[in-house]
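Written below as structure tokens is the structure these notes are about.
Residue numbers run from 1 in the order of the sequence given.
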Amino acid sequence: MERTWRWFGKNDKITLAMLRQIGVEGIVTALHDVPLGEVWKREDIHALKTYIESYGMRWSVVESLPVTETIKYGGPDRDQQIEVYQQSLRHLAEEGIHTVCYNFMPVLDWARTDLLHANPNGTSNLYFSIPQFAYFDIYLLKREGAKEDWERFQALGPDGQPNGRDILKEVEVLKQTMTPEKDHELVENIVIKTQGFVSGNFKEGDEHPLALFRQLLALYEGIDRAQLRENMRYFLEAIMPVCDECDMYMCVHPDDPPFQVLGLPRIVTCDEDIHWFLKAVDNPHNGLTFCAGSLSAGAQNQVVDLAHKYASRTAFVHLRSCHVFPNGDFTEASHLGGRADLIELARIFEQEEQRRATLPNISRLPMRVDHGMTMLGDETKGYNAGYSFLGRMFAMGQVQGILATVDRDLGIPYTQPGFFDK
């Protein structure tokens with residue numbers, strides 16, 4: 001697989017010169033300075049692509065070309081926003097970029113409650129605490145119906161099975177320990193630090209983030225799971241002719257976490273969901289970002305089985321892993337641990353890459369290690385949450401070792417870019 005890295009543009013504190021030294025072949029990025037809902041101009045795409053290529057790498061995947069909220073909830077300007085999206089896709093293809101990772105998560109992109117959760121070895125990881133998230137929903141966001149939703153959730157658990165956990169009781173115990181400072185930190189972790197640089201809905205310095213959050217939630221009143229699915233189908237059916245014309249591969253990112261939150265429907269959480277959207281618009285350009293981390297955060301998902309089943313419709317791979325605790329809380333795991341079994345996933349996707357070796361624009365299967373530990377001073381450098389340098393470099397080293405071993409077993413030549421090149 002092509003070794004790629006998510007890079008947040010020229011303002012990223014991690015430079016392309018640094019990435020070239022650690023064996024990165026492809027860059028995963030976006031036009032982060034273009035406001036939501038505006039066309040990506042070809043000249044802007046060309047300029048960033050040329051800059052990346054000047055460092056000996058290529059722009060492999062767009063992550064993300066955002067799907068605006070109005071497309072997701074079916075607002076009055078949905079068709080106009082789809083036209084904007086179509087034009088951006090054409091401009092990307094004209095510059096030789098043919099893979100777009102996107103998501104269809106309402107309002108909230110990936111969510112964590114603790115961005116620096118201490119590990120026993122002194123590093124830290126991203127962490128999701130169900131009681132903390134429920135406390136945020138009930139007492140900080142003060143969403144109508146939140147208590148009733150969490151009461152139903154606790155009766156079944158995130159995997160849909162009874163677990164006997166009294167989440168509301170845990171929330172009341174937690175409430176006694178919370179302070180205004182802790183409340184502020186929780187809001188920052190859930191709303192600002194994990195959303196602002198990803199979705200564009202929020203940004204650092206927003207004075208009233210919870211008020212804005214409530215406004216966005218209100219847009220989805222009356223939008224249930226069936227309607228959100230229909231809105232996703234509408235979007236995909238509208239853009240597929242352009243994807244066919246331009247040979248553009250759309251790969252949706254699974255919901256993170258892969259269960260319902262904040263009263264919002266989530267529709268890319270499990271085997272049944274993936275099967276639905278692939279069949280709803282059954283086109284080879286409608287595919288999946290196989291994020292092993294997001295999928296492994298759901299106890300209902302057997303990640304290796306899903307990889308076997310959907311490898312042929314996967315256009316992009318995120319190799320990371322989560323550990324799910326018996327109570328449903330989860331944390332990012334070592335890239336050699338957790339529920340995802342990255343060694344077996346590497347084997348599956350390396351074989352899939354060999355199968356598609358002669359196909360134009362998708363002969364290489366891009367992979368990135370995605371999130372990584374915060375370690376050895378990463379926390380002082382101002383990196384985006386989850387996107388440390390040393391922690392991800394450590395993960396990249398682990399995954400490169402996995403790939404080299406798997407390739408040898410499969411008889412596939414393995415090369416390390418940057419060594420002995422003239």
Query raised in the report: Is Lys381 salt-bridged to Asp378, going by a charged N under 4.0 Å from an acidic O?
Result: no
**Report entry** Row check, Phe389 ring normal vs Lys13 NZ/CZ: under 6.0 Å, within 45°
**Finding:** no
Query raised in the report: Judged by modelled atom types alone, do Tyr220 and Glu69 share a side-chain donor-acceptor pair under 3.5 Å?
Result: yes
Query raised in the report: Does Asp149 come within less than 4.0 Å of Arg152, counting only side-chain N to carboxylate O?
Result: yes
**Report entry** Polar contact flag, side-chain donor to acceptor under 3.5 angstrom, Asn103-Asp109
**Finding:** yes
Query - Residues Tyr139, Asp183; criterion side-chain contact (heavy atoms from CB on, under 4.5 Å); working and verdict - result: CA-CA 9 Å; Tyr139 288 110; Asp183 286 352; over 6 Å; no
**Report entry** Check: Phe153 ring centroid to Phe259 ring centroid under 6.0 Å
**Finding:** yes
Report task. Inspect the contact between Arg266 and Asp256 and indicate whether a charged nitrogen and a carboxylate oxygen are less than 4.0 angstrom apart. Result -> no
Query raised in the report: Where is the tightest heavy-atom contact between Met396 and Thr4, given as atom of each residue plus distance?
Result: CE-O, 3.6 Å
Query - Criterion salt bridge (charged side-chain N to carboxylate O under 4.0 Å, His left out) against Arg58, the qualifying member of Glu25, Glu2, Glu95, Glu53 - result: Glu2
Report task. Report yes or no: do Tyr383 and Asp12 form a side-chain donor-acceptor pair below 3.5 Å? Result -> no
Report task. Would you kindly say whether Asp77 and Thr70 are connected by a side-chain donor-acceptor distance under 3.5 Å? Result -> yes
Query raised in the report: In terms of side-chain heavy atoms, does Asn189 have a donor or acceptor partner in Tyr127 at a distance below 3.5 Å?
Result: no
Query raised in the report: Using a distance-only test with no angle check, is there a side-chain donor-acceptor pair under 3.5 angstrom linking Tyr387 and Arg392?
Result: no
